[in-house]
Structures are given as C-alpha cells and as structure tokens.
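Below is one structure, written out as structure tokens; the observations come after it.
What you are looking at is a predicted structure, and each value in this text was computed from that prediction instead of being measured.
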Amino acid sequence: MKISTEELTKTIVIINELGLHARPAAMIAKLAQKAESNIWIIKEGTKVDAASIIDILSLACVKGTEITLQTENFNDINIVNGIVDLIENGAGD
Amino acid sequence: MHHFENEEKIIQGISGSPGICIGKSYLVDKEGVDVVEKYSISEKDLKREVGRFKTAVKNAKNELSSIIEGIPEELREHAYILETHLVLHKDKMLYGKTIETIEKELINSEWALKKVVSNIKIIFRDIEDTYLKDRVTDIVQVADRIMRNLTGAKSESISEIDKRVVLVAHDLSPADTSQIKLERIKGFVTDLGGKASHTSIIARTLGIPSVLGLDMATRDIKNDEIIVVDGSAGLVIINPSDETLAKYEVRKQRYEAYRANILRTSHVTATTVDDFAVEVMGNIELAEEVVSVKDNGGDGIGLFRTEFSYMSRSSYPAEEELFEQYKDIVELMAPNPVTIRTLDINGDKALSYESSVNEENPALGLRAIRFCLKRKDVFMTQLRAILRAAAFGNVRILFPMISSCEEICEAKKLLKQAGDELEHENIPCNTNIEVGIMIEIPSAVIMADSLADVVDYFSIGTNDLVQYTLAIDRGNKNVAHLYNSLHPAVLRMIKQVVDVGKAKNVKVCMCGEMAGDPFNIPILIGLGLTELSMTPQNIPEVKTIIRELNQKECEKFLEDVFTKTIVADIQKLLQDRFGSLIANGYA
C-alpha cells in the first residue's frame, strides 16, 4: 500500500496562553510514547522527538507558534490525531 | 581544595545582614557542579554503573510518588507539576541520554547526569520566551533529586528543613528566600550576591545573620559542619576552635542584649539632643512585614515595594486582589503613613510572564515607570487599587525611576484619570494623596528644582542612585567593593536634592540601604533629612543613634566631610568622630 506523506503530517497552531509548557508537553509525550515508531514535532525546520518532554520544551512553542507533527508509520496516525486533538483543545490548560 | 580536619579557616565575604550565629551547615547546592566527582568506569563495571543510575532514578521516582500521595485529595489538581516531574524522570533526553553517556564515555553516573543536564541548560538558555525558558528549572529539579539519590545526600527542600541550621547555598533567589521559615534557619551564607542585592535585603528583613559573596562557600563548607557566621563583619569561620566558639558565643550574647535594649526605647520618636525630630520608617515588601515595622517602632512605612505580588505567578494580579492587600497594610499602619511605590519591575526582578522583555542591560532598560507608561493597562490597575486603599488610611504614592519632567507629568495625568474613573463609577477612594518621586537617577538630581514644582515630596533611593552615579552593578561581586554610598559624588548629589527641597519647601526622605546603616546617620542628620526609611530591623538602632547626636554639630561636621575627596578619608572622619557611638551597634 502506498501512503502519501500528506497523511503522515499534520500542521497545527498552539493556542495555550503560556505556550507548550511542562503540563501539555507531558501530555503529548505520554501519547507519543505509545507509538510504534517515532513521532516528530517540527518547528521552523527543527525536528524533535514528541516522546520527550524535554525535547518539546526545548522547541519553545509560544502561543501562536505553528508546528508540524510527523510520523513514519501509518499505524501511528491515530496517535498523531490524538495529539492534534489535545493541542486543539488547549492541552489541559 | 581541601582543608585539614579540625583546622580553623576564616573566609571573608560581604555582610548581608548583621548578627552572629553558630550552627550546623546545611548545603543547598542547586548546581551541584563543584560537588560532583568524575571518575572512569571499566568495561566490566559498566553494567553495574548503569544499574546504579537506574536504581537512583527508581528511588527518586518513589520518593516523589510518596510526596504526591501525601498531598490531600482536594489539592491534587495543583500537584500536576509534580506528576509532570514524575514523567520527566524517564524522559529520553534525560534518562536515555545519561545511560548513553555512561556507556559511551565510560564515566560515573553523577558526571554523566551532570553533563546531560548542562547540555539541556545550554539549549534552554537560547529560548527567548521567559516562561518557557524557566521550565528548565523543572528538569533541573528532577535531575537534582536523581543526583541526591546517587550521592546519598538528604533530600529536603528549604521549606522542609526541620532542624535549626545555617543554610549554605550557591545563590538564593527571592523565591527561595521567601520560603525560608525563620524558626528553622539560624542564618545563611551564599557564594554569590553583593551588599545591596535582593537576597541581602530580604535577609535583613528576616532579621537573621547572613554573609554573601563568599565565592567558594559551597565548596569549602561541608554538610553538617559547625560554622560561625559573623554577619556584621561579613565572615564565616569553618571548623572553629573552642576558643573561637567561646569568643563568638560572648559576642553573640552581647549583640542580642544590645538589640533587646534598643528595642525597648524604639517606640518613642527619635529627636536629637538639640530637638531635631526625625521620622524613622520601615521598608517593606510583604504585608506580613507591617508587624515587623510596628514591633521595631517604625513611624510609618517609607517604602512599600509592590513587586512581590506580581512575582511567582502566571499572569498580572487583578485590581481587587491588589486593593485588598494594600488596604490591609494601610489599615494596620493607620494613622501613620504608608508610602506605596508603584511597580518597579525588571532590573533584578524580571517577571516570568512578561516575555516581551528580554534585555541585554535591564538596569538601563524598560523598567519601573518606563514599563508602566508603556503598559498603561497594568499601571491603571495598580493606580486604581492604590487610590481605593487610600480611603482607609494615610497613603502616599511614589513613582520610581523618574528621569524627566515628562514622565512624572504623564504619571500624574494617569493617576488623575484613575481617580476620575473611580469617582465616576462611585467606588470609594481618596484622590487627595501626596504624590512623590524616587530620586534615583542622576538626571532627576540635576532636574530636582524643576521636578519640585510638580510633586509633594522626594524620596532618595540610594541603592540605584549609587549604582547609576558610579556606574557600578551592585550585584556584581567583582565591583561590589567600589559600590559606596559615602562616595563624595553621591554625598554631593544628596546635598543638592536636600537643598532644593529646603528652597522649594518639598519634603525630602531617604529610603535606600544607606539610610539604614548606622555609620551614615551623622551625615544624613547633618544634611537635614527629616525622614529615613529602612529595613525594619534597623529602626531601633538608628533611632538610638539619632538620640545621641546634635544636629547643629552634625551640620558643622558635614563641612569637614565636604572638604574630603576620597571615600577612605570620609570614612576615617566618621570613624574618628562618631566611631565609638556607632560601634555599640556592632557585635
């Protein structure tokens, strides 16, 4: 089966007042850790591991930042969508 | 560097707050840098070393879990940050990277962890957003807990310490210092910090001896060692001999007896022998300190720093919250005056949520009135709260960092607008309050005659005035020794302001650290200052000294002072003339 790269990436804007701080980062990492393969968060060309809180925090995603989620594994698309839902809903803030 | 067992060693620092204490050291070493040892691990021991690290992480996690379990159900929601810490323990970037470093470089766990954390810190250093940048502290706290489990050090936070100890720290942030429970701490010493740094101001408020700027205290002092802290002389004695201990025990008792004696007479107004009355007031930062001002016999509050309620939170406080706080203070102090200084942020007190400010040189940046005139919404909220509190007692408003006439006129316009709004909304307030400015920038000294036409009083803030006049960062220990309020340039500036005040009939107060140092009092009385405001603990001593002085004589003495061109000569003059009087205050 041929998978388009479009399906494997999602772009989203951070709405949290304080940006992706420790709590949302922890929630994202928790989800990403369930994935079979790596899930990446990309901001302005910098790519980090979504399963690491520290990596997410180091991206410094303030409110209004546009980030792209990317996976290499079709089986992980649900997890990517879960993270998108989380971020769209303000990630617990 | 090692000092031999039982060998007495004296290390010199900067006096943070006076007094003497003898007690066991308690190291609060956040950085852990100098304590961590590095050694290699052989291939065959590698597995055991990684195991040791994993065990430490497991123990750290268990420790934290039981802390979380101990939090009452209704407060669990606020424990989320600890839950996040729990997850962080096994984070790839921390856990995985440390194991990888141990294995690749064949080094011990402590060193590998330290290395990984240093790298994380470097990444975070470049983050511009101050709030997100500060999240590195979460990672550091987790790493610290793992480190303590590796080295077997005790894991108590400052607020958890349950024995009376002397804190030894690399540095204490205002947040750390605010956590200190007086009954548990005898005193503290730090590697960083200068005489007028925020830490030392808080130490004096707490009324515990402290020595700062020791440079290597956290390296030279071991945990659980008996040390002597002489806050008056600014020195620490490690491994004191029996003779030294006996000597300091006597000095400690003498100092405490002197304090008790001057406290008894402190509630009476201070007048010189020739009937020159001086109002001696307290500087405060927290509402709780009003009690300290009253206990020490303060005639009012000469400086209420309002920054504290803006710190350690995620957004600006609301008008109602500020009003309630100001009202408490004003009511407690009535009928005596409470001088409320409007927000003086940035400089050394950066707000984590004000991410737009990230400056190379904050002391010369967007701080205090400059910030408030830019963020009018924040300013108006505070002005309204102050005017509302003024209905409940004697309030004076004080604008910081005024450097030009435009700024004070703009601030007064906004104050009037705030008053008009409140009256229009039928909210009780008092708009008929004294308006003053801080004189802390050289340009304000030079413009004092013009500024006098638009204000009711001046308050000389010597901490910043000295800093800006002499171009010295008071927190930088490399130049802190050059920071001297008796510098002839500073004295001339103060005289200029006092003279303008007399000519224009504008009251002149002094609220900097200079006013609270007994050594300076003869000069300040000679200059004719009628209102001094200081750390509450200094009030009794300053009052005692004022009562011994003769204002006319001090005025004459000042003529001699102004013939001197170097600080040492001025100090010698003071020492020769008033040394014995002032020495009573020192242990």
| task | Supply the atom-to-atom distance B:D138 CG to A:R23 CZ, rounded to the nearest 0.5 angstrom. | result |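 If I round to the nearest 0.5 Å, the distance is 12.5 Å.
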| message | Can you confirm whether more than 12 heavy atoms, excluding those of A:K47, are under 6.0 Å from its NZ atom? | response |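 Yes, enclosed.
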| said: For B:I127 versus A:A60, what's the shortest heavy-atom pair and its separation? | reply: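 Reported closest heavy-atom pair: CG2-CB, 3.4 Å.
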| query | Which heavy atom of A:K30 sits nearest a heavy atom of B:V87, and at what distance? | reply |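 Smallest heavy-atom distance, with atoms named: CE-CG2, 4.4 Å.
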| Within residues 89-98 of chain B, residues adjacent to chain A where the heavy-atom gap is under 4.5 Å |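 If one takes a 4.5 Å heavy-atom cut-off, the residues of residues 89-98 of chain B near chain A are B:D91, B:K92, B:M93, B:L94.
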| request: Can you check whether anything in residues 50-58 of chain A gets within less than 4.5 Å of chain B, heavy-atom wise, and list it by number? | output: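 A:A51, A:S52, A:I53, A:I54, A:D55, A:L57, A:S58, listed by number.
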| field | Option that, when pairs with chain A are counted at under 4.5 Å, heavy atom only, ranks first among B:I123, B:V136, B:I120, B:I139 | value |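 Answer, by heavy-atom pair count under 4.5 Å with chain A: B:I139.
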